[in-house]
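Structure first, commentary second.
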Amino acid sequence: MKEHADIVIIGAGISGSVIAERYASIGKRVLLIEKRDHIGGNCFDYVDRNGILVSKYGAHLFHTNDETVWEYVNRFAEWYPWEHKVLARVDDKTVPVPVNITTVNTLLGENIQTEEQMKDWLEANRVKIDSPANGEEAVLNKIGEYLYEKMFKYYTVKQWDKYPAELDASVLERIPVRTNFEDRYFTDKYQALPKGGYTHLFKKMLDHPRIEVLLNTDYFDVKDEFSDCEKLFYTGPIDRFFDFRHSLQEKLEYRSINFVTETIDQEYFQENSVINYPGKEVGYTRIIEYKHFGNQKSEKTTVVKEYTTDEGEPYYPVPNKKNREIYEMYEREADKLKDIYFVGRLANYKYFNMDQAFKNALDLFDKLEKEENK
Ligand code: UDP
């Protein structure tokens, strides 16, 4: 088969590509094995038949406060500033997400004008809970019953097939509450998109004479051929690595997304890249119109409705106590293995943002190299 590789990596998403690039840069021969027919993991994007750059697995908005990560990603792409905004259709109204002054004024007919008034409104309407134990308590504690019902409860049921009370507080705490008119989704120092798309960035990362990429290859079909490498990095679902051995009673849960794509023969379909539908009246969670990202031009437009499902490729771990306990059984097994490392959203069973995935992989490489050179 292939020439001998020092480092074998399974999965060509963020984590796998960072590890590959880093080891190649210090002279190691790297083999990257990918089940899909493309690199880039869920960041993979391409120009579609309408001439619009679209993401195959949902929109990816890069944002970070981490200087190291920002410096690193800038080695492989030019980035242009892009401040993401999200709107939600609630009943017959359209409001900003995260909740800000405009959201409250529009949905509740208030006339809040200042940060102070907004803080007072929140204080009067929130349900005070000392240490929120789950997603429902976290949201109620911040914004109260009405906005919880209208904007979080059913969106979460559609997204996770669980009520917020069945999820860790951290899931819902991803969405802050603004006490001003700030309508950006993120407030990080760096918010940007790579010129030409993410796939180009990954191509550049992996464009190295010491990196070989094997697409369309399921590691589990070929794994016996790679037992003599120095180190193996696995970025797939951790339970799959162990042949689901702890899944007899309870399976580790993941959520997938069914993307329903349509071409619409008009210039724009909606006024913003992402519009959330937090209500019960439709089955999808959001509609993405890709041409808004980077203000792309085309006579037609591509829109994608996202339906979250149990079936299909795993995208999201489902953060709650039960899954954490199952994950920890696998993690204990993983820790016992020598020279095999688990990295990324699926292998670490963590809801990482993109920058955290970069950071985590960079840190793992640095740690291992430090140990190696002791
Ligand atoms: N969420 C919600 N309503 C919204 C947006 C988010 O209830 O309009 C909740 C939902 O549970 C979601 C979580 O907040 O899964 C995190 O949202 P985020 O936008 O970070 O999800 P991602 O973009 O990673 O799918």
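Indexing begins at 1, ligand by ligand and atom by atom, following the structure's order. All of these numbers come straight from a predicted model, not from anything done at the bench.
Between Trp70 and Tyr190, the angle of the ring planes stays under 30°, which puts this pair in the parallel group of the 30/60° scheme. Using the six-membered ring where Trp is involved, Tyr80 and Trp82 have ring planes that are perpendicular, over 60° apart on the 30 and 60° scheme.
In terms of protein heavy-atom proximity, atom 11 (O) of ligand 1 is closest to Thr156 OG1, 2.8 Å. Protein heavy atom nearest atom 13 (C) of ligand 1, with residue, atom name and distance: Val171 O, 3.7 Å. Protein heavy atom closest to atom 25 (O) of ligand 1, with residue, atom name and distance, is Tyr316 OH, 2.5 Å. The closest protein non-hydrogen atom to atom 20 (O) of ligand 1 is Arg174 NE, 2.8 Å. From the protein, the heavy atom lying nearest to atom 2 (C) of ligand 1 is Tyr155 CD2, 3.3 Å. Of all protein heavy atoms, the one closest to atom 3 (N) of ligand 1 is Met151 O, 2.8 Å. Protein heavy atom closest to atom 17 (O) of ligand 1, with residue, atom name and distance, is Ile175 CD1, 3.5 Å. In this structure, atom 9 (C) of ligand 1 lies nearest to the protein heavy atom Leu172 CD1, 3.8 Å.
Considering backbone and side-chain atoms alike, Asn276 places an N or O below 3.5 Å from some N or O of ligand 1. At under 3.5 Å, not a single nitrogen or oxygen of Gln159, backbone or side chain, sits near a nitrogen or oxygen of ligand 1. Here's the thing with Phe152: one of its N/O atoms is less than 3.5 angstrom from an N/O atom of ligand 1. An N or O contact shorter than 3.5 Å is missing between Pro278 and ligand 1 by distance.
Looking only at atom types and distance, the side chain of Arg36 has a donor-acceptor partner in the side chain of Asn42 under 3.5 Å away. One side chain, Asn353 or Arg174, offers a donor N or O that lies under 3.5 Å from an acceptor on the other.
Taking OG of Ser170 as the reference point, atom NZ of Lys350 lies at 11.0 Å (rounded to 0.5 Å). Going from atom CD of Glu271 over to atom OG1 of Thr94 covers 5.5 Å, rounded to the nearest 0.5 Å. In this structure, CD in Gln159 is found 8.0 Å from CD in Glu306, a value given to the nearest 0.5 Å.
Counting non-hydrogen atoms of other residues, nucleotides and ligands closer than 6.0 Å to CZ of Arg49 gives a total of 12 or fewer.
Looking at Asn100, its side chain does come within 3.5 Å of a backbone N or O of Thr102 through a donor-acceptor pair.
The contact set between ligand 1 and Tyr185, taken as ligand atoms under 4.0 Å from a residue heavy atom, comprises 18 (P), 19 (O). Per-residue contacts place Trp160 under 4.0 angstrom from the following atoms of ligand 1 (heavy atoms of the residue considered): 11 (O), 12 (C), 15 (O).
In this structure, the ring of Tyr351 has its center less than 6.0 angstrom from the ring center of Trp160.
At least one heavy atom of Arg286 sits less than 4.0 Å from an atom of ligand 1. Taking a 4.0 Å cut-off on heavy atoms, Tyr351 registers as neighbouring ligand 1.
If you run ring pair (Phe, Tyr, Trp, His ring centres under 6.0 Å) between Tyr349 and each of Tyr254, Tyr330, Tyr316, only Tyr254 comes through.
For Lys153, no heavy-atom contact with ligand 1 is shorter than 4.0 Å.
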